[in-house]
Student: 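Dumping the structure here so I can ask a few things about it.
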Amino acid sequence: MQVPPLAPAAHAFREDLIERAVEAAANAAERHLLTLAGTSLTLDFGTTELAQALLPALSHHVVAGSPLQDLKPALQPAGVRLIVWSDPLPPFPWGGQHLGRGGAITGLSDGPVRAVATTDDSSLVLWDEHRQLACCWFAAPSSVTRWDRAAPLRVALHFALTQAHRHLVHGAVVGQGGRGVLLAGPGGSGKSTTTLACLDAGLDVVGDDYAVVDLRDEAPRAWNLYRSLKVGERRADRDDRRTLLLGADRPQQATMYLDLVAILLPRVTGGARSTLQPASRAAALRALAPSTLMQAPYEERPTLGALTALAQALPAWELGLGEDRGVGAITEVLAA
Amino acid sequence: MVGSQVVHETLDGETVVINLATGTYFSLEGTAAQLWEAIVADEPRHATAVRLAGQHHADVDAVLATIDAFHAVLAEAQLITASSERAPDTTGNLGTLALPKLQAYTDLSEHLLLDPIHDVERGEGWPAVPST
């Protein structure tokens, strides 16, 4: 289907949005400095309500001494800046037909500036690579979904971390003694259940759904992103899904990073004990890549490069999840 | 020609292909992986057929028909943008050449195509399926 071109004013609108975001940041209700996956970020919230909705799952990354609103601009740290605000905006110069996969705005997601929006105009994200700036707009604090609260600012953080050579991967990471395993697989494969069982067994948890992988050192390192854990499930007769925050709803803290030693491909088998079978690197890539890439913002020329490197760097195992929820098998892999 | 939203990688003889537009991903091994590599290398169909026929003691026309049939399957899966218009007829001597198979995985498609931006229930989030 041929997408009608955007009005020429759309690019000016995009620039205007960035100016509005910067202006909102100048009057930010809250400003926080975060160190996330070894990267410094400044996070400005236009209103306290937005901060209350979006900061909890990220608050463990806040550097002591924040908020920084008392600092003069010249004294504020350099690095990536995220601005979250909800001031009213003029009507958007694009329509639903301009939104591609993941909400990428066709014609405005080119070059160093990327634009992602929702069809109902309730939120949008602009990433400006040159300015190292992510502008995250919500129509109102009520536009923040439960998903946004559990995994806040994911698109903006994807852009910010990717330019810092860190890769947002869809998978759970658990471990102990500084060593970790990456659990990769689709929703329902058992990642969250296994993560919770490992947490209860005293293992370290980096994340149950996302991790930030750095491939620059000899051993791939998985960094924590969110401190949220998804528990419960939705069935025909009930829905008890909820989000827990480590360090708040559970006493255990999220582990900031683990060096990965293996990729595990969980699958619920129903036996008494969990089992391990060697898996091919291609199988690891099949488990890792589809959901990671499909959740990533649209790229004109997507690649498997980083995920291939990860699959090549680590041995892979099929983890047949039994009633013990994989804890023993995971401990065995970590000790090998 | 490989589609712009198709990504692929070969590890240990297995080629993993993901169609980001449809959410379906694929595994190609053996002959299928060889034919995919030929597409990626932009090798002319006839040259591929001659090469494989020589390796497998097969008739070139039979191999060419097999290639065309496989390309048609790849095109239907929206993995390649061009396919031969020749009617595939895979009868003939293929020697030791195994027929190519495309293993498709659609288990993720439903959730993956629930766009985390668009397909969220307010207050629920992805991957909650909208009720309407």
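Note that these values count all heavy atoms, side chains included, but never hydrogens, waters or copies made by symmetry. So that the names make sense, note that chain A is the first sequence line, chain B the second, and so on, each numbered from 1.
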Student: When only heavy atoms count and the cut-off is under 4.5 Å, which of residues 303-310 of chain A reach chain B?
Tutor: Thr303(A), Leu304(A), Thr308(A)

Student: Taking everything shown except Glu43(B) itself, do over 12 heavy atoms lie less than 6.0 Å from its CD?
Tutor: yes

Student: Is it true that, when you exclude Asp12(B) itself, more than 12 heavy atoms of the residues, nucleotides or ligands shown sit nearer than 6.0 Å to its CG?
Tutor: yes

Student: Grab the two heavy atoms, one from Val16(B) and one from Ala282(A), that are nearest each other, plus how far apart they are.
Tutor: CG2-O, 3.7 Å

Student: Using a strict cut-off of less than 4.0 Å between a Lys/Arg side-chain nitrogen and an Asp/Glu carboxylate oxygen, indicate whether Arg286(A) and Glu14(B) qualify as a salt bridge.
Tutor: yes

Student: Has the side chain of Gln5(B) got a donor or acceptor atom that lies under 3.5 Å from a matching backbone atom of Glu299(A)?
Tutor: yes

Student: Does a sphere of radius 6.0 Å around CZ in Arg267(A) hold more than 12 heavy atoms from other residues, nucleotides or ligands, not counting ones at 6.0 Å or beyond?
Tutor: no

Student: Which value, rounded to the nearest 0.5 Å, describes the distance between Asn19(B) atom CG and Leu293(A) atom CG?
Tutor: 12.0 Å

Student: When rounded to the nearest 0.5 angstrom, what is the spacing between OG1 in Thr22(B) and CE in Met294(A)?
Tutor: 7.5 Å

Student: Rounded to the nearest 0.5 Å, what separation is found between the CZ atom of Arg281(A) and the CD atom of Glu9(B)?
Tutor: 10.0 Å

Student: Quick check on Ala284(A) against chain B: is it the side chain, the backbone, both or neither that has a heavy atom closer than 4.5 Å?
Tutor: neither

Student: Could you tell me if the side chain of Pro302(A) sits less than 4.5 Å from the side chain of Leu20(B), heavy atoms only?
Tutor: yes

